[in-house]
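Input: a single structure, listed below in structure tokens.
Counting starts at 1 for both ligands and their atoms, following the listed order. Not measured: the values here are computed from a predicted model.
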Amino acid sequence: MKVYNFSAGPSMLYDEVKAEAQKDFFDYAGSGMSVTEMSHRSKPYEAINAEANALFRELMHIDDTYEVLFVQGGASQQFEAIPLNLLKAQGSKADYLVTGNFASKAASEAKKYADVYVAASSKDKNYTYIPKTYTFRDDADYAHFTYNNTIFGTRFNAVPQANIPLVTDISSNILSEEIDVNKFTLLYAGAQKNIGPSGLTVVIVKKDAIGKHLPICPTMLSYQIQADNQSLYNTPPCFAVYMAMLTLRHVKKLGGVKAVEAHNIAKAGLLYDFIDNSALYTNKVAKEDRSRMNVPFVTGNEELDDKFVKEAAKAGLVSIKGHRLAGGMRASIYNAMPVEGIKTLIEFMKKFEIENK
Ligand SMILES: *Cc1c(COP(=O)(O)O)cnc(C)c1O
């Protein structure tokens, strides 16, 4: 059955990428084997590792002053890797903007190693907006924020002003919009939203910020160790890196991140316009802070929301239930969601509205 998958992650991949992976599965590049069976020290895998790295650099305009690292443990493991690598000493200062569940988890993890200051939080309104006024401490080692808040459907429209190194979680908006990497000391993302299967985490980090990790930093979490070994210190998530490479090739073919961003703005615009003009559905997020990747909406009646989710699934619109912390529905419309998926969803929403007046 053909479905449109609105899951927040893992989420849809491009059909072209899946077809390519299927074609290669028994015999990758004449090796006679699948990438899943291949030594990570083999020539074909080294080429995959290098090409994926080069494509990230090309598509995101990342220069030689940065390392691009492929690690495991998900974005969640970076919540602890970041303080362990960037703090000048255990107990020194780190500032956080708490704009959602993942941002809150990142701050909590850092508290184990750092003097954490929450410079701003939007918890007072269940994370439905992005705080606009805050100041970071001048003597903090870094400031951390979550660029796109996957669960609550908000996004920073502007990069926060900071006189200290800036760190951002781009798990749910990487490759979906142009990001000026040069504004950051570190950016990181789990792959399973816009890049490929889970298992891979991408860390883009300024070279001059690494090599000063805390003595207690585990070897596997040290950016220096990963950089010195071209992300091959131990067995990497080979198949996830390979799938990422295929996605990156495809994004390049589509015209790069800028072209994909224009498409995403149009897709999100269709859905928000429909919601704003409907009598049944509402999106509770402050308009100027709306995410282009995750669109939460409610009917205002929990039973009706449940009915919506069930009937949508029957119509091939799957995984549209909202996160338990936000309720209602959430349409995650990452890069690989085609505009036809959005239009099909809107048609379904119209029909459901008429039937449930
Ligand atoms: C999904 C997500 C995470 C958690 O990622 P894992 O790879 O599951 O650890 C963290 N931050 C953001 C913004 C996310 O969307």
Taking only residues two or more places apart in sequence or in another chain, which ones pass side-chain hydrogen bond (donor to acceptor under 3.5 Å, both in side chains) with Lys252?
Glu58
How far apart are the C-alpha atoms of Asn234 and Met220, what are their side-chain angles, what is the distance that settles it, and do they pass the side-chain contact (heavy atoms from CB on, under 4.5 Å) test?
CA-CA 9 Å; Asn234 73 327; Met220 280 295 292; 3.4 Å; yes
Can you confirm if the NZ or CZ of Lys23 lies within 45° of the ring axis of Phe26 and under 6.0 Å from the centre of its six-membered ring?
no
Answer yes or no for Lys193 and Phe102: cation-pi contact, defined as NZ/CZ to six-membered ring centre under 6.0 Å and angle to ring axis within 45°.
yes
Hey, what do you get for CZ (Arg155) to CG (Asn173), rounding to the nearest 0.5 Å?
7.0 Å
Decide if atom CG of Asn229 counts as having more than 12 heavy atoms of other residues, nucleotides or ligands within a radius under 6.0 Å.
yes
Ligand-protein N/O pairs under 3.5 Å (ligand 1):
residue: ligand 1; atom: 7 (O); partner: Ala75; partner atom: N; Å: 3.0
residue: ligand 1; atom: 7 (O); partner: Gln192; partner atom: NE2; Å: 2.9
residue: ligand 1; atom: 8 (O); partner: Gln192; partner atom: NE2; Å: 3.4
residue: ligand 1; atom: 9 (O); partner: Ala75; partner atom: N; Å: 3.2
residue: ligand 1; atom: 9 (O); partner: Ser76; partner atom: N; Å: 2.8
residue: ligand 1; atom: 9 (O); partner: Ser76; partner atom: OG; Å: 2.6
residue: ligand 1; atom: 11 (N); partner: Asp169; partner atom: OD2; Å: 2.6
residue: ligand 1; atom: 15 (O); partner: Thr150; partner atom: OG1; Å: 2.4
residue: ligand 1; atom: 15 (O); partner: Lys193; partner atom: NZ; Å: 2.7

